[in-house]
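Reminder, nothing fancy here: chain letters follow the sequence lines and each chain counts from 1. Every value quoted in this text rests on a predicted model; they were computed, and no experiment measured them.
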2 protein chains.
Amino acid sequence: MTTTDAFESYLAKSNLRVTKERQQLYDGVRAQKGHFTVDTLVHRLKESGYAISRDTVYRNLPLLLEAGVVRQSFRAGRETIYEVDEGKPHHDHLLCSQCGKVEEFVDPKIEALQEDVARQFEFELQHHCHQLVGICKKCRKS
Amino acid sequence: MTTTDAFESYLAKSNLRVTKERQQLYDGVRAQKGHFTVDTLVHRLKESGYAISRDTVYRNLPLLLEAGVVRQSFRAGRETIYEVDEGKPHHDHLLCSQCGKVEEFVDPKIEALQEDVARQFEFELQHHCHQLVGICKKCRKS
DNA sequence: CTCTTATTGCAATTCAGTCTTAATAGGAAT
DNA sequence: ATTCCTATTAAGACTGAATTGCAATAAGAG
(Lines give C-alpha, C1' and ligand atoms only; values in the text may rest on other atoms or scores of the structure.)
Protein backbone atom coordinates (compact mmCIF):
# COMPACT_ATOMS: atom_id res chain seq x y z
CA MET A 1 0.00 0.00 0.00
CA THR A 2 1.47 3.34 -1.03
CA THR A 3 1.31 6.16 1.47
CA THR A 4 -1.12 7.99 -0.80
CA ASP A 5 -3.70 5.35 -0.03
CA ALA A 6 -3.72 5.81 3.75
CA PHE A 7 -6.54 8.34 3.85
CA GLU A 8 -8.49 6.82 0.97
CA SER A 9 -8.54 3.40 2.56
CA TYR A 10 -9.79 4.98 5.76
CA LEU A 11 -12.55 6.73 3.81
CA ALA A 12 -13.52 3.51 2.04
CA LYS A 13 -13.60 1.63 5.32
CA SER A 14 -15.92 4.28 6.77
CA ASN A 15 -18.17 4.47 3.72
CA LEU A 16 -17.15 8.04 3.00
CA ARG A 17 -16.66 9.53 -0.42
CA VAL A 18 -13.30 10.23 -1.97
CA THR A 19 -13.67 13.81 -3.14
CA LYS A 20 -11.24 16.06 -4.95
CA GLU A 21 -11.12 18.27 -1.84
CA ARG A 22 -10.24 15.37 0.44
CA GLN A 23 -7.45 14.25 -1.84
CA GLN A 24 -6.05 17.76 -2.08
CA LEU A 25 -6.41 18.26 1.65
CA TYR A 26 -4.51 15.06 2.26
CA ASP A 27 -1.74 16.12 -0.10
CA GLY A 28 -1.62 19.61 1.39
CA VAL A 29 -1.48 18.36 4.95
CA ARG A 30 1.33 15.95 4.22
CA ALA A 31 3.29 18.79 2.63
CA GLN A 32 3.26 20.69 5.92
CA LYS A 33 6.52 20.67 7.75
CA GLY A 34 6.36 21.02 11.50
CA HIS A 35 3.39 22.53 13.29
CA PHE A 36 0.50 24.30 11.60
CA THR A 37 -2.86 25.88 12.33
CA VAL A 38 -6.04 25.56 10.30
CA ASP A 39 -5.62 29.08 8.96
CA THR A 40 -2.05 28.63 7.82
CA LEU A 41 -3.07 25.33 6.24
CA VAL A 42 -5.91 26.94 4.27
CA HIS A 43 -3.58 29.72 3.23
CA ARG A 44 -0.88 27.35 2.01
CA LEU A 45 -3.39 25.16 0.20
CA LYS A 46 -4.58 28.23 -1.67
CA GLU A 47 -0.98 29.07 -2.58
CA SER A 48 -0.61 25.56 -3.99
CA GLY A 49 -3.66 26.12 -6.17
CA TYR A 50 -5.97 24.06 -3.95
CA ALA A 51 -8.94 26.28 -3.18
CA ILE A 52 -10.41 24.41 -0.26
CA SER A 53 -12.71 26.29 2.08
CA ARG A 54 -11.95 26.70 5.73
CA ASP A 55 -15.14 24.79 6.57
CA THR A 56 -14.12 21.80 4.55
CA VAL A 57 -10.87 21.69 6.44
CA TYR A 58 -12.69 21.90 9.74
CA ARG A 59 -15.18 19.26 8.66
CA ASN A 60 -12.49 16.86 7.57
CA LEU A 61 -10.08 17.37 10.42
CA PRO A 62 -11.83 14.81 12.64
CA LEU A 63 -11.43 12.30 9.83
CA LEU A 64 -7.77 13.09 9.36
CA LEU A 65 -7.27 12.71 13.09
CA GLU A 66 -9.16 9.44 13.13
CA ALA A 67 -7.23 8.15 10.13
CA GLY A 68 -3.95 8.94 11.87
CA VAL A 69 -2.90 11.46 9.23
CA VAL A 70 -2.69 14.44 11.54
CA ARG A 71 -2.43 14.82 15.26
CA GLN A 72 -3.63 17.55 17.58
CA SER A 73 -0.35 18.90 18.81
CA PHE A 74 -1.15 21.51 21.44
CA ARG A 75 -2.91 24.81 21.92
CA ALA A 76 -1.30 28.21 21.66
CA GLY A 77 -3.71 30.77 23.03
CA ARG A 78 -6.90 30.39 21.07
CA GLU A 79 -5.50 28.33 18.26
CA THR A 80 -5.17 24.61 18.04
CA ILE A 81 -1.84 23.53 16.59
CA TYR A 82 -1.71 20.41 14.45
CA GLU A 83 1.10 18.39 12.99
CA VAL A 84 1.50 15.52 10.56
CA ASP A 85 1.17 12.15 12.25
CA GLU A 86 2.77 9.86 9.69
CA GLY A 87 6.06 8.22 10.26
CA LYS A 88 6.75 10.47 13.17
CA PRO A 89 6.59 8.72 16.54
CA HIS A 90 4.51 10.04 19.40
CA HIS A 91 6.03 12.86 21.40
CA ASP A 92 5.05 15.66 23.75
CA HIS A 93 5.99 19.33 23.82
CA LEU A 94 8.06 21.74 25.81
CA LEU A 95 7.23 25.40 25.15
CA CYS A 96 9.08 28.59 25.96
CA SER A 97 6.66 31.11 27.41
CA GLN A 98 8.86 34.00 26.31
CA CYS A 99 9.80 33.34 22.70
CA GLY A 100 7.36 30.56 21.80
CA LYS A 101 10.09 28.08 20.95
CA VAL A 102 8.82 24.50 20.77
CA GLU A 103 10.88 21.47 21.68
CA GLU A 104 9.69 17.89 21.32
CA PHE A 105 10.38 15.20 23.84
CA VAL A 106 9.53 11.56 24.48
CA ASP A 107 9.85 9.86 27.81
CA PRO A 108 8.86 6.19 27.83
CA LYS A 109 8.83 6.21 31.61
CA ILE A 110 6.23 8.99 31.68
CA GLU A 111 4.18 7.17 29.06
CA ALA A 112 4.21 4.01 31.16
CA LEU A 113 3.22 5.93 34.30
CA GLN A 114 0.31 7.51 32.44
CA GLU A 115 -0.95 4.04 31.64
CA ASP A 116 -0.62 3.15 35.31
CA VAL A 117 -2.70 6.16 36.33
CA ALA A 118 -5.40 5.29 33.79
CA ARG A 119 -5.48 1.70 35.00
CA GLN A 120 -5.75 2.85 38.59
CA PHE A 121 -8.87 4.90 37.78
CA GLU A 122 -10.18 2.17 35.48
CA PHE A 123 -10.07 4.41 32.44
CA GLU A 124 -9.29 3.16 28.98
CA LEU A 125 -6.68 5.66 27.86
CA GLN A 126 -7.30 7.18 24.44
CA HIS A 127 -4.76 9.96 24.27
CA HIS A 128 -3.18 12.59 26.41
CA CYS A 129 -2.17 16.20 26.32
CA HIS A 130 1.12 16.89 27.97
CA GLN A 131 2.90 20.20 27.66
CA LEU A 132 5.68 21.58 29.77
CA VAL A 133 5.94 25.37 29.85
CA GLY A 134 9.05 27.18 30.93
CA ILE A 135 11.75 29.61 29.90
CA CYS A 136 14.41 28.45 27.48
CA LYS A 137 18.12 28.95 28.04
CA LYS A 138 18.40 31.85 25.61
CA CYS A 139 15.48 33.81 27.07
CA ARG A 140 16.72 33.28 30.61
CA LYS A 141 19.85 35.24 29.74
CA SER A 142 17.93 38.44 29.03
CA MET B 1 -1.15 36.55 57.89
CA THR B 2 -4.78 35.53 57.45
CA THR B 3 -5.82 33.91 54.20
CA THR B 4 -7.89 36.98 53.40
CA ASP B 5 -4.72 38.96 53.01
CA ALA B 6 -3.16 36.76 50.36
CA PHE B 7 -4.47 38.70 47.38
CA GLU B 8 -4.19 42.12 49.02
CA SER B 9 -0.56 41.61 49.89
CA TYR B 10 0.08 40.58 46.33
CA LEU B 11 -1.63 43.76 45.11
CA ALA B 12 0.37 45.90 47.51
CA LYS B 13 3.60 44.28 46.44
CA SER B 14 2.73 44.98 42.80
CA ASN B 15 1.60 48.56 43.40
CA LEU B 16 -1.94 47.76 42.41
CA ARG B 17 -5.02 49.22 44.01
CA VAL B 18 -7.25 47.33 46.38
CA THR B 19 -10.68 47.93 44.92
CA LYS B 20 -14.08 46.80 46.09
CA GLU B 21 -14.33 44.67 42.96
CA ARG B 22 -11.04 42.92 43.61
CA GLN B 23 -11.99 42.14 47.18
CA GLN B 24 -15.35 40.77 46.11
CA LEU B 25 -13.78 38.83 43.30
CA TYR B 26 -11.33 37.29 45.72
CA ASP B 27 -14.11 36.32 48.10
CA GLY B 28 -16.23 34.98 45.29
CA VAL B 29 -13.46 32.91 43.80
CA ARG B 30 -12.57 31.34 47.11
CA ALA B 31 -16.19 30.39 47.61
CA GLN B 32 -16.07 28.26 44.45
CA LYS B 33 -16.00 24.57 45.06
CA GLY B 34 -14.36 22.48 42.37
CA HIS B 35 -13.92 23.65 38.82
CA PHE B 36 -15.46 26.78 37.34
CA THR B 37 -15.51 28.86 34.19
CA VAL B 38 -15.46 32.65 33.96
CA ASP B 39 -19.14 32.72 33.08
CA THR B 40 -20.25 30.57 35.97
CA LEU B 41 -18.09 32.66 38.26
CA VAL B 42 -19.69 35.92 37.10
CA HIS B 43 -23.11 34.35 37.45
CA ARG B 44 -22.45 33.15 40.99
CA LEU B 45 -20.94 36.47 41.99
CA LYS B 46 -24.12 38.17 40.85
CA GLU B 47 -26.18 35.71 42.88
CA SER B 48 -24.10 36.64 45.93
CA GLY B 49 -24.88 40.31 45.37
CA TYR B 50 -21.49 41.09 43.86
CA ALA B 51 -22.17 42.77 40.53
CA ILE B 52 -18.77 42.49 38.95
CA SER B 53 -18.56 42.79 35.20
CA ARG B 54 -17.24 39.97 33.11
CA ASP B 55 -14.49 42.29 31.87
CA THR B 56 -13.23 42.95 35.33
CA VAL B 57 -13.06 39.25 35.98
CA TYR B 58 -11.08 38.73 32.78
CA ARG B 59 -8.80 41.63 33.58
CA ASN B 60 -8.05 40.39 37.08
CA LEU B 61 -7.66 36.71 36.31
CA PRO B 62 -3.98 37.08 35.40
CA LEU B 63 -3.44 38.71 38.78
CA LEU B 64 -5.27 35.94 40.61
CA LEU B 65 -3.19 33.40 38.74
CA GLU B 66 0.01 35.26 39.52
CA ALA B 67 -0.97 35.59 43.17
CA GLY B 68 -1.57 31.87 43.38
CA VAL B 69 -5.24 32.27 44.23
CA VAL B 70 -6.57 30.42 41.21
CA ARG B 71 -5.06 27.97 38.79
CA GLN B 72 -5.81 27.28 35.18
CA SER B 73 -7.13 23.80 35.41
CA PHE B 74 -7.70 22.60 31.86
CA ARG B 75 -9.67 23.39 28.75
CA ALA B 76 -13.00 21.87 27.86
CA GLY B 77 -13.68 22.70 24.24
CA ARG B 78 -13.47 26.46 23.99
CA GLU B 79 -13.73 27.26 27.65
CA THR B 80 -10.91 27.54 30.09
CA ILE B 81 -11.66 25.83 33.38
CA TYR B 82 -10.26 27.32 36.57
CA GLU B 83 -10.07 26.12 40.11
CA VAL B 84 -9.05 27.53 43.47
CA ASP B 85 -5.35 27.17 44.14
CA GLU B 86 -5.24 27.62 47.89
CA GLY B 87 -4.62 24.79 50.24
CA LYS B 88 -5.13 22.27 47.49
CA PRO B 89 -1.94 20.56 46.38
CA HIS B 90 -0.97 20.40 42.74
CA HIS B 91 -2.63 17.72 40.67
CA ASP B 92 -3.39 16.82 37.06
CA HIS B 93 -6.58 15.64 35.38
CA LEU B 94 -8.03 12.57 33.84
CA LEU B 95 -11.09 13.22 31.67
CA CYS B 96 -13.72 10.90 30.28
CA SER B 97 -14.32 11.75 26.62
CA GLN B 98 -17.83 10.30 26.77
CA CYS B 99 -19.45 11.75 29.89
CA GLY B 100 -17.02 14.53 30.77
CA LYS B 101 -16.23 13.10 34.19
CA VAL B 102 -13.11 14.61 35.73
CA GLU B 103 -10.74 12.74 38.03
CA GLU B 104 -7.74 14.30 39.73
CA PHE B 105 -4.44 12.54 40.13
CA VAL B 106 -0.96 13.22 41.38
CA ASP B 107 2.08 11.18 40.51
CA PRO B 108 5.32 12.34 42.12
CA LYS B 109 7.29 10.16 39.76
CA ILE B 110 5.80 11.90 36.72
CA GLU B 111 6.45 15.28 38.32
CA ALA B 112 10.08 14.39 38.87
CA LEU B 113 10.48 13.12 35.31
CA GLN B 114 9.06 16.38 33.99
CA GLU B 115 11.77 18.23 35.87
CA ASP B 116 14.30 15.92 34.30
CA VAL B 117 13.02 16.67 30.81
CA ALA B 118 13.15 20.41 31.45
CA ARG B 119 16.67 20.14 32.78
CA GLN B 120 17.72 18.14 29.76
CA PHE B 121 16.51 20.91 27.42
CA GLU B 122 17.87 23.60 29.75
CA PHE B 123 14.43 25.07 30.35
CA GLU B 124 13.41 26.60 33.64
CA LEU B 125 10.06 24.89 34.23
CA GLN B 126 7.20 27.25 35.12
CA HIS B 127 4.19 25.01 34.92
CA HIS B 128 2.75 22.21 32.88
CA CYS B 129 -0.46 21.05 31.37
CA HIS B 130 -1.08 17.37 31.71
CA GLN B 131 -4.40 15.78 30.88
CA LEU B 132 -5.14 12.16 30.23
CA VAL B 133 -8.21 11.49 28.11
CA GLY B 134 -9.97 8.17 28.02
CA ILE B 135 -13.22 6.34 28.63
CA CYS B 136 -14.29 5.74 32.20
CA LYS B 137 -15.43 2.39 33.51
CA LYS B 138 -19.12 3.29 33.47
CA CYS B 139 -19.09 4.59 29.89
CA ARG B 140 -17.19 1.57 28.68
CA LYS B 141 -20.06 -0.65 29.70
CA SER B 142 -22.47 1.00 27.28
C1' DC C 1 -9.85 67.61 50.52
C1' DT C 2 -7.80 67.61 46.08
C1' DC C 3 -5.69 65.71 42.26
C1' DT C 4 -3.62 62.15 39.62
C1' DT C 5 -4.15 58.04 37.49
C1' DA C 6 -5.42 53.14 37.91
C1' DT C 7 -9.56 50.79 37.39
C1' DT C 8 -14.16 50.00 36.04
C1' DG C 9 -18.34 49.07 32.91
C1' DC C 10 -20.02 49.43 28.49
C1' DA C 11 -20.04 48.74 23.83
C1' DA C 12 -17.71 47.47 19.96
C1' DT C 13 -14.50 44.19 18.17
C1' DT C 14 -11.76 40.06 17.25
C1' DC C 15 -11.17 35.47 16.22
C1' DA C 16 -11.56 30.35 16.20
C1' DG C 17 -14.84 27.39 15.28
C1' DT C 18 -19.92 26.03 14.01
C1' DC C 19 -24.25 26.03 11.55
C1' DT C 20 -27.52 26.81 7.65
C1' DT C 21 -28.59 26.40 3.13
C1' DA C 22 -28.54 26.00 -1.66
C1' DA C 23 -25.73 24.14 -5.18
C1' DT C 24 -22.62 20.48 -6.62
C1' DA C 25 -20.69 16.08 -7.44
C1' DG C 26 -19.62 11.04 -5.97
C1' DG C 27 -20.79 6.78 -7.23
C1' DA C 28 -24.37 3.04 -7.04
C1' DA C 29 -28.01 1.35 -9.74
C1' DT C 30 -29.88 0.99 -14.09
C1' DA D 1 -23.35 6.23 -20.45
C1' DT D 2 -27.40 8.20 -17.84
C1' DT D 3 -30.14 8.79 -13.86
C1' DC D 4 -30.82 9.57 -9.28
C1' DC D 5 -29.97 9.73 -4.42
C1' DT D 6 -27.47 11.69 -1.04
C1' DA D 7 -22.98 13.04 0.87
C1' DT D 8 -20.24 16.91 0.47
C1' DT D 9 -19.11 21.43 -0.66
C1' DA D 10 -18.67 26.88 -0.41
C1' DA D 11 -20.46 31.07 1.20
C1' DG D 12 -21.84 33.61 4.61
C1' DA D 13 -24.32 34.27 8.86
C1' DC D 14 -23.65 33.14 13.48
C1' DT D 15 -21.78 31.82 18.25
C1' DG D 16 -19.34 32.43 22.32
C1' DA D 17 -14.92 33.28 24.62
C1' DA D 18 -11.80 36.72 25.15
C1' DT D 19 -9.84 41.59 24.13
C1' DT D 20 -9.75 46.50 23.44
C1' DG D 21 -10.97 51.61 23.34
C1' DC D 22 -13.03 54.96 25.84
C1' DA D 23 -15.47 57.87 29.04
C1' DA D 24 -16.78 57.85 33.85
C1' DT D 25 -15.42 56.62 38.50
C1' DA D 26 -12.90 55.95 42.63
C1' DA D 27 -8.35 54.62 45.14
C1' DG D 28 -5.18 56.58 47.77
C1' DA D 29 -0.98 59.71 47.83
C1' DG D 30 0.09 64.34 49.03
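- Between E104(A) and K88(A), at least one side-chain N (NZ, or NE/NH1/NH2) sits under 4.0 Å from a carboxylate O, which counts as a salt bridge.
- Judged purely by atom type and a 3.5 angstrom limit, R140(B) uses its side chain to pair as donor or acceptor with the backbone of I135(B).
- Here the P atom of nucleotide dA6(C) and the CZ atom of R22(B) are 11 Å apart, to the nearest Å.
- The distance between atom CZ of R54(B) and atom P of dG16(D), rounded to the nearest whole Å, is 11 Å.
- Counting to the nearest Å, the P atom of dC15(C) and the CD atom of E79(A) are 10 Å from each other.
- Here the C1' atom of nucleotide dA7(D) and the NZ atom of K20(A) are 15 Å apart, to the nearest Å.
- Side-chain atoms of R17(B) come within donor-acceptor range of the base of dA27(D), with a qualifying N/O pair under 3.5 Å.
- When the shell of 6.0 Å around NE2 of H90(B) is examined, it contains more than 12 heavy atoms from other residues, nucleotides or ligands.
- Residue T80(A) is classed as a sugar-phosphate contact, given heavy-atom separations below 4.0 Å to backbone atoms only.
- Using a 4.0 Å heavy-atom cutoff across all strands shown, A12(B) reaches no nucleic acid atom at all.
- At dG17(C), one or more side-chain N or O atoms of Y58(A) fall inside 4.0 Å of OP1 or OP2 (strictly under the cut-off).
- Between the side chain of R22(B) and the main chain of R17(B), a donor-acceptor pair closer than 3.5 Å is present.
- The residue N60(B) sits close only to the backbone: its heavy atoms come under 4.0 Å of sugar-phosphate atoms, none of a base.
- Residue Q24(B) contributes atom CD, which lies 11 Å from atom P of dT8(C) at whole-angstrom precision.
- Rounded to an integer number of Å, the gap from CG of L45(A) to P of dT9(D) is 13 Å.
- Position along DNA chain C of the nearest nucleotide to S53(B) versus R78(B) favours S53(B) as the more 5'-ward residue.
- Closest of all the heavy-atom pairs between F36(A) and V84(A) is CE2-N, 4.0 Å.
- Side-chain N/O atoms of D55(B) and base N/O atoms of dC10(C) include a donor-acceptor pair closer than 3.5 Å.
- For T37(A), no side-chain nitrogen or oxygen approaches OP1 or OP2 of dA16(C) to under 4.0 Å.
- dT21(C) atom P lies 15 Å from atom CZ of R59(A), rounded to whole Å.
- Going from atom CZ of F7(A) over to atom P of dT8(D) covers 10 Å, rounded to whole Å.
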